[in-house]
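To start, the structure itself, in structure tokens.
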Number of protein chains: 2
Amino acid sequence: MARLPEYLRALHNLAETGHETVSSEGLANAAGVNSAKLRKDLSQLGSYGTRGVGYDVGLLIDQIEYVLGLTQRRAVALVGVGNLGHALAGYDGFASRGFRIAALFDADQERVGEEINDLVVLHIDELPRVAAEESIAIGVIATPAAAAQRVADQLVAVGVTSILNFAPCVLSVPDGVDVRKVDLAIELQILSFHEHRKASLTALPAAGGSALTALPGGLAVTESQEAIGT
Amino acid sequence: MARLPEYLRALHNLAETGHETVSSEGLANAAGVNSAKLRKDLSQLGSYGTRGVGYDVGLLIDQIEYVLGLTQRRAVALVGVGNLGHALAGYDGFASRGFRIAALFDADQERVGEEINDLVVLHIDELPRVAAEESIAIGVIATPAAAAQRVADQLVAVGVTSILNFAPCVLSVPDGVDVRKVDLAIELQILSFHEHRKASLTALPAAGGSALTALPGGLAVTESQEAIGT
DNA sequence: CGCGATTTGTGCACGTCTTCACAAGCGCCT
DNA sequence: AGGCGCTTGTGAAGACGTGCACAAATCGCG
Ligand SMILES: NC(=O)c1ccc[n+]([C@@H]2O[C@H](COP(=O)([O-])OP(=O)(O)OC[C@H]3O[C@@H](n4cnc5c(N)ncnc54)[C@H](O)[C@@H]3O)[C@@H](O)[C@H]2O)c1
Ligand SMILES: NC(=O)c1ccc[n+]([C@@H]2O[C@H](COP(=O)([O-])OP(=O)(O)OC[C@H]3O[C@@H](n4cnc5c(N)ncnc54)[C@H](O)[C@@H]3O)[C@@H](O)[C@H]2O)c1
């Protein structure tokens, strides 16, 4: 489930504040989900709660980390050390959440050799050599969209089967390779959409205005906390 | 629908490459979705295709931009000009997709006054004044998690009703305020989960090993292109 | 030792999303 | 003008996710 990481973060917070156990209600609150949903999710892991008490925080953390495959610190290769790549390379949130940035790559000779957080930027052509030395579990693409597909191909070629793509484009990859995309502009546009809806709703108390603003049935936007007003 | 922005991006690509019309199949391909799904989504906007021909690219772009509320260039306020904030502030993908970064804020006096892309970083206390001068549609939070809730409250206080949160924490906001979250580590953990699953599947051809790795029914992870192997 | 308070695990029903499949509509070519 | 191929729009079926509500289980306390 995609909610497991969220639970994990909430659990770590709870552990730091000294909680030994937590009820489904409490954890659900901290993670921003329904308690029934959380219990159902957790029961999929093999049921590790005690009725009348709740869940053992430490045990649950171990459980989830195991299921997520975080027992081994996975190596991440970052390709494209530009504007965004720099921020990612300098981010300490990776290390604390089970990942290790193993290598930085770029195609620009100007960038190659630059040092960020004790890591030297390598030329993208070095990718096969580095991949041979240490097993790269995940590739992160932070290049312009035009180069993303090519980089993806290169990553796949050296055996990477999980890709996180920041470039605004769809990647085509062979079966067995998993790619997730993060697109800033899309997030903003979804917010804009809600803004537009909220605006037209308040402007027109009831009866629909344009057939476009007053969409039938209310368009649902998945994920994220939401709190559309009255 | 959350897929509209994806369609929009694909349509812009098509427009740039000279296409005047596009079939649902073609657009669905470019956006990485099922063609029936795409047609159903588009029919919600009021049906603008011609049978036997397809959709008019330009018209469809206008349609979607209108529904997403992109006819007006929305003002974005970015709070937290650190590692990530710098990258966001310097990103030109905002402007080209219907947004305008209107102001940068930070609490650190060291940062205040710094200039990024013709924009001067202001102290967070200036937020009410700036918000009064120009209507801020969306607030982006790129501060540490510890400060995120406080910043969210400040944004809400000046009338911001849409928030994009990069800090790894859940925000509580009043009804009517919409918040979306982007969490890097969660994306990586989901990929790690799939890696773990793939690894244990290949290791154990059939009969289940640990009750934890071989989860019943296959856990689904929503969103993103996926291509889980055999 | 038993009882009540508390919390988990889950059956069930409901609404939503997805996909297939096909009739209806449109344009082009003859 | 008519037919043919292509494409849209949508009905229906199925899969899926969600949330309620409650029985079963456990602990603490008298
Ligand atoms: N900057 C942001 O805040 C931001 C936000 C969201 C999405 N993005 C997306 O992330 C991507 C990168 O953005 P950016 O602002 O860092 O751009 P950038 O131009 O600053 O950086 C791109 C880097 O990729 C390198 N590169 C180009 N082709 C390459 C190749 N074939 N192999 C390896 N490296 C290559 C370039 O040398 C450059 O260093 C873009 O697709 C952008 O749309 C950026
Ligand atoms: N750097 C990344 O690549 C990255 C990736 C994903 C998520 N994040 C998250 O984004 C957030 C920012 O990351 P970062 O690396 O830029 O951190 P950072 O420490 O470099 O920057 C944080 C900035 O926020 C400012 N700030 C702190 N409190 C503030 C307040 N109350 N009001 C206004 N500004 C305030 C600080 O002065 C600092 O400039 C963090 O929550 C981090 O977990 C970062």
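Here is how names work: the chains are called A, B, and so on, in the same order as the sequence lines, proteins then strands, and each is numbered from 1.
Smallest separation of non-hydrogen atoms from Pro168(A) and Tyr91(B): CG-OH, 4.5 Å.
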Report the C-alpha distance between Val140(A) and Phe166(A) in whole Å, list the side-chain angles of each, state the deciding distance to 0.1 Å, and finish with yes or no for side-chain contact (heavy atoms from CB on, under 4.5 Å).
CA-CA 8 Å; Val140(A) 175; Phe166(A) 284 93; 3.6 Å; yes
Tyr7(B) and Val33(B): side-chain contact (heavy atoms from CB on, under 4.5 Å), yes or no, with the steps?
CA-CA 9 Å; Tyr7(B) 301 158; Val33(B) 301; 3.9 Å; yes
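Between Asn34(A) and dC20(D) there is a side-chain N or O to OP1 or OP2 distance below 4.0 Å. Contact between the side-chain N/O atoms of Ser24(B) and the OP1/OP2 oxygens of dT8(D) is found at a separation under 4.0 Å.
Put simply, CD on Glu25(B) is 15 Å from C1' on dG5(D), counting in whole angstrom units. Atom P of nucleotide dA12(D) and atom NZ of Lys37(B) are separated by 22 Å, given to the nearest angstrom. To the nearest angstrom, C1' of dA23(C) lies 13 Å from CZ of Arg39(B). Rounded to whole Å, atom C1' of dG9(D) lies 12 Å from atom CD of Gln44(B). Distance CG (Leu45(B)) to C1' (dT8(D)): 14 Å, rounded to an integer number of Å. The interatomic distance linking Met1(B) (CE) with dT16(C) (C1') rounds to 9 Å, in whole Å. A straight line from CZ of Arg3(B) to P of dC17(C) spans 8 Å, rounded to a whole angstrom. One can place CG of Asp41(A) at 8 Å from P of dT18(D), the figure rounded to the nearest angstrom.
Of the residues in residues 49-59 of chain B, those lying under 4.0 Å from DNA chain C by heavy-atom distance are Thr50(B), Arg51(B), Gly52(B), Val53(B).
Among pairs with a residue in residues 137-152 of chain B, those fulfilling side-chain hydrogen bond (donor to acceptor under 3.5 Å, both in side chains) read Gln149(B)-Asp153(B), at least two apart in sequence or across chains.
His19(B) places no side-chain N or O within 3.5 Å of a backbone atom of Asn13(B) that could act as its donor or acceptor partner. Arg180(A) contributes no side-chain N or O that, together with a main-chain N or O of Leu188(B), makes up a donor-acceptor pair within less than 3.5 Å.
Side-chain contact between Phe193(A) and Leu70(B): absent, with no pair of heavy atoms (C-beta onward) separated by less than 4.5 Å.
The base of dT19(C) sits within donor-acceptor range of the side chain of Lys40(B), with an N or O pair under 3.5 Å.
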